[in-house]
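Report on the structure given below.
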Amino acid sequence: GQGFAFRRKQKIERQYRKLLKKRRQVHSQQDDQFTDTYPEHLKHLYLAEEEKLIAEEEKLKRQRRTPDDLMSSEEKLNKAADGCAIYGYVCLMMISVSRACTFSSRSVVTQESFKNKTSNQKAKEEYEKVKAEHARKKEEAEKKKQQREEAQRLYKKKKMEAYKILSKKTKKGQPNLNLQVEFLLQKIQQNT
C-alpha cells in the first residue's frame with residue numbers, strides 16, 4: 001500500500017510546489033517595478049530621448065516669463081512633449097517612465113558598436129557557447145564514467161582473487177587455513 005514514506009514524499013512535494021508558487025509571486029511583483037526593464041540594446045535610445053526632454057525643459061525655463069510659468073513642471077514637460085511631432089508617443093512615455101526609471105550606468109552606447117554584431121550573430125555566439133559548455137560537460141561525465149568503471153573492474157578483480165584464495169579446500173573438504181593466514185599476512189603487509 002501507500003505507507004508513511006509515500007505520504008512523506010507527497011508532503012515534501014506539496015511544500016516544494018508552495019515554495020515555487022511564492023517565488024513566482026515575488027518575481028511578478030518585482031517585474032511590476034519600472035527599474036532597468038529596457039533591453040540593453042535600446043537603452044541608449046531611451047537615454048538620448050530623456051536628455052532631449054531635459055534640454056527642452058531648460059530651454060523653456062530660459063524663455064521670458066509667460067503664463068506658462070504658472071503651470072507645474074510636469075505640465076511644461078507634457079507641453080514640450082506635445083510639440084515633439086517626430087517622436088509623439090515615445091516622448092509621452094519617456095516623461096512618465098523617466099520619473100520612475102533610474103539607470104545605474106548612464107553611458108550612452110553609440111550606434112556603431114551595435115552595428116558590429118546583429119542580434120542574430122549574438123544569438124549564434126550564445127548558442128555556440130552553450131553548445132561548447134554542453135560538450136565539455138559531456139566529456140567530463142564520460143571520463144568520470146570510464147574512471148568509475150575501471151575502478152569497479154579492479155575492485156571486482158581483487159575481490160575474485162581474494163575469494164579464490166579464501167575458498168580453497170583441502171582434499172578432505174576442509175578450508176585451507178594456511179592459505180587464509182598467508183592472505184591475511186599479505187594484506188597486513190600492504191597496509192603498513
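One is the number of the first residue; the rest follow in order along the sequence.
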>> Taking side chain to side chain contact (heavy atoms under 4.5 Å, CB included) as the definition, give me every residue that meets it alongside Q152, ordered by chain and number, with sequence neighbours left out.
In response: R148

>> Quick check for you: to the nearest 0.5 Å, what is the distance between K156 atom NZ and L154 atom CG?
In response: 11.5 Å

> Given a cutoff of under 4.5 Å between side-chain heavy atoms of I, L, V, M, F, W and Y, with clusters grown through shared members, what are the other residues clustered with M160?
Replying inline: Y163

>> To the closest 0.5 Å, what do you measure between NZ (K145) and NZ (K138)?
In response: 11.0 Å

>> Quick test of your reading of the model: are R136 and E140 salt-bridged, counting only N-O distances below 4.0 Å?
In response: yes

>> Please report the interatomic distance NZ(K143) to CD(E139), rounded to the nearest 0.5 Å.
In response: 6.5 Å

> Can you find a pair of side-chain heavy atoms, one from E133 and one from K129, that are under 4.5 Å apart?
Replying inline: no

> Would one find more than 12 heavy atoms of other residues, nucleotides or ligands at under 6.0 Å from atom NZ of K18?
Replying inline: no

> Who pairs with Q180 by side chain to side chain contact (heavy atoms under 4.5 Å, CB included), at least two apart in sequence or on another chain?
Replying inline: L166, P175, L177

>> My understanding is that only residues two or more places apart in sequence, or in another chain, count here; which of them pass side chain to side chain contact (heavy atoms under 4.5 Å, CB included) with E13?
In response: K9, R17

> How close do Q121 and K117 get, heavy atom to heavy atom, and via which atoms?
Replying inline: OE1-CA, 3.1 Å

> Would you call E49 and K52 a salt bridge, using N to O less than 4.0 angstrom?
Replying inline: no

>> Apply the hydrophobic cluster definition, ILVMFWY joined by side-chain contacts under 4.5 Å directly or through others, and give me every member besides L20.
In response: Y16

> Roughly how far, to the nearest 0.5 Å, is the OH atom of Y155 from the CD atom of E150?
Replying inline: 16.0 Å

>> My understanding is that only residues two or more places apart in sequence, or in another chain, count here; which of them pass side chain to side chain contact (heavy atoms under 4.5 Å, CB included) with L179?
In response: I165, K168, N176, E182

